[in-house]
Amino acid sequence: MTVIVFPPFPYIIQGMSLIRVRDLSFRYDENTRSLEKISFDIEEGDYVTIVGRNGSGKSTLARLLVGLETPDEGTIEIDGKILSDDNLPEIRKRIGIVFQNPDNQFIGATVRDDIAFGLENRCFEPDVMKRKIEKYSRKVGLSQLLDKEPEALSGGQKQRVAIAGILAMHPDIIVFDEATSMLDPRGRETIKDIIDSLHQDRKLTIISITHDIEEVMNSDDCIVLYDGRVFDHGRPEKVFADADRVRSIGLDVSFIGKVKEAFRKYGIVLKSDTEDEMVGELWQYALRR
Amino acid sequence: MNRIAFGKYIPTDSPLHRLDPRAKLAALVLLVVSVFVPVSWYCYIPLALTAFLAVRLSYLKLRFVARTLRPILFLMLFLFVVNALTLKRGEVIYEIGSFQLYSYAISFTLRIGARLFLMIVFTTCLTATTKPLDLNLAIEYILRPLGLLRFPVHEVAMMISIALRFIPTLSMEAGRIMNAQKSRGVDFEDGKLLEKASAILSLAIPLFTIAFERAYELADAMEARGYVPGERRTRYRKLRYCSGDLVLVLFSLLMLAAMILSRVLL
Ligand SMILES: Nc1ncnc2c1ncn2[C@@H]1O[C@H](COP(=O)(O)OP(=O)(O)OP(=O)(O)O)[C@@H](O)[C@H]1O
Ligand SMILES: [Mg+2]
């Protein structure tokens with residue numbers, strides 16, 4: 001007697017992850033391999049960090065996840081649906097992305113207009129938009145700045161606008177592609193706090209690409225990419241058990257750290273911990289010479 | 001970068017600021033046409049009064065308006081020279097050697113000057129009291145019938161609003177690049193024509209590279225937020241008429257009618 005097992009059998013064993021990536025490969029052109037047979041799962045409500053050195057394929061992965069590129073091979077499955085051209089508009093509603101450069105994702109003429117941009121695309125009525133804009137700008141602490149133009153905002157404020165614009169569309173997943181790397185320390189902290197508070201609700205799944213080891217340690221799960229492959233995947237404490245490993249993956253190091261390292265090569269030891277201090281210190285050094 | 005006054009928005013809360021941009025745009029078109037209709041000198045009196053009123057109602061400083069007018073002085077000077085040499089009608093007013101200056105050359109130059117002057121004042125009153133974004137909405141509204149002919153009205157409006165959004169960003173960028181190039185010894189102020197050209201090239205090339213990079217990233221951001229060109233979308237900003245708008249448009253219509261009548265009758 002044969003037992004007929006109804007599909008999808010594997011789901012019953014594994015449960016269903018929100019995001020399932022299987023054997024995903026992608027290259028921009030013939031010669032460079034940007035991603036090579038990547039597989040991983042991300043659970044609903046998790047805060048996942050993706051780390052790896054420059055050029056390891058992190059941004060490429062993010063672009064594939066939000067459907068800005070199409071996989072060469074392999075699949076991305078979101079909530080049981082395989083991402084394809086047909087369901088892309090549907091899936092886009094569920095996933096938002098914050099990019100690195102605060103200036104280049106500010107579309108509207110003012111904060112208000114920028115938050116409205118995504119809502120306009122979803123065909124919300126103006127009064128509904130107004131309510132949402134007020135609600136989500138409050139959530140990221142921008143209520144006072146709604147009528148400001150982008151030139152009047154700091155980088156951190158612009159990134160908050162981007163986050164509000166995405167939250168207003170009620171996504172299930174938000175991807176941050178080095179969203180804090182162009183910000184000053186204070187801006188970085190506010191964005192990290194906002195990400196944290198979003199995670200508290202456990203309603204949103206957060207995928208954050210970062211070079212910030214502190215943020216990595218704060219996350220539930222960490223995927224390490226190396227040369228277009230998954231090098232390691234697990235709880236951050238485990239992945240980064242030893243410090244040398246951190247370095248071998250090309251992690252750490254804040255901008256300040258990098259500047260210090262560069263100067264150390266020339267025998268100049270800097271002590272500052274913030275950009276402002278460092279500017280002062282460098283001036284003093286230059287004037288002394 | 002802040003030296004250009006023409007076309008600049010001045011954020012105050014004047015009566016003209018509060019009017020609907022469509023009404024202001026329509027009034028501008030009507031008034032500019034009116035400026036070009038009359039033949040008699042008297043007709044410029046009501047037009048000049050209207051221009052004065054418009055400046056007052058938009059709370060503009062006369063110094064600001066004067067700055068927007070400066071470029072036409074040079075134009076007038078040039079025009080006067082050309083007219084003096086070519087227009088040989090009316091009475092001779094002045095004579096040196098074989099050259100004679102005719103009255104018509106002067107009156108013609110003055111007439112063109114008056115028209116340009118009024119046109120620029122009216123336009124300034126529009127652009128100084130209307131945010132570029134609102135003006136864009138008005139243009140989109142007025143072009144809407146072209147949509148029936150498959151003209152991509154929304155997309156063009158989107159392009160304009162993004163261009164407006166990035167003008168300050170790119171001009172800041174240009175300033176930064178200029179400083180960087182100056183620190184490397186590029187001289188933007190003096191030098192021969194060839195040197196100047198190469199200095200400008202050293203500004204233009206990085207600026208274009210950056211602009212393209214920005215454009216690609218912006219396109220990604222727009223796509224990721226669900227923008228599909230040509231697809232239906234709602235608009236957050238809605239324009240609203242008030243009674244003031246009606247007054248403005250009626251007034252401008254009357255002005256045009258009066259100018260046409262004066263031309264027919266006088
Ligand atoms: N538009 C592109 N065209 C061609 N090759 C590209 C393009 N974008 C990235 N690549 C290549 O793909 C590989 C992965 O790049 P990706 O931008 O994903 O790296 P990353 O991990 O995000 O790096 P970074 O930390 O610098 O942001 C690199 O080898 C890169 O040179
Ligand atoms: Mg990247």
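In what follows, chains are A, B, ... by sequence order, proteins preceding strands, each numbered from 1.
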query = Under a 4.5 Å heavy-atom cut-off, does chain B meet the side chain of Phe117(A), its backbone, both or neither?
reply = both
task = With rounding to the nearest 0.5 Å, note down the distance linking OG1 in Thr169(B) to CZ in Phe106(A).
result = 9.5 Å
ask   = How long is the gap from SG on Cys123(A) to CZ on Arg233(B), to the nearest 0.5 Å?
value = 8.5 Å
Shortest non-hydrogen separation from [X] to [Y] and the atoms involved:
{"X": "Arg122(A)", "Y": "Gly226(B)", "value": "NH2-CA, 4.1 Å"}
{"X": "Arg165(B)", "Y": "Ile107(A)", "value": "CG-O, 4.0 Å"}
{"X": "Gly67(A)", "Y": "Glu223(B)", "value": "O-OE2, 4.5 Å"}

Electrostatic pair Asp220(B):Arg63(A) at N-O distance under 4.0 angstrom = yes
request  = Considering only NZ, NE, NH1 and NH2 on the basic side and carboxylate oxygens on the acidic side, decide whether Arg225(B) and Asp114(A) come within less than 4.0 Å.
outcome  = yes
ask   = Checking heavy atoms, do the side chain of Glu231(B), its backbone, both or neither come under 4.5 Å from chain A?
value = neither
Engaged part of Tyr216(B) at the chain A interface, taking heavy atoms whose separation is under 4.5 Å = neither
key: Qualifying residues under side-chain contact (heavy atoms from CB on, under 4.5 Å), relative to Leu253(B), sequence neighbours excluded   = Leu30(B)
Qualifying residue, where the test is side-chain hydrogen bond (donor to acceptor under 3.5 Å, both in side chains) with Tyr236(B) and the options are Lys130(A), Glu125(A), Arg112(A), Glu120(A) = Arg112(A)
inquiry  = Taking 4.5 Å as the heavy-atom cut-off, does anything in residues 120-147 of chain B contact chain A, and if so which residues?
reply    = Leu133(B)
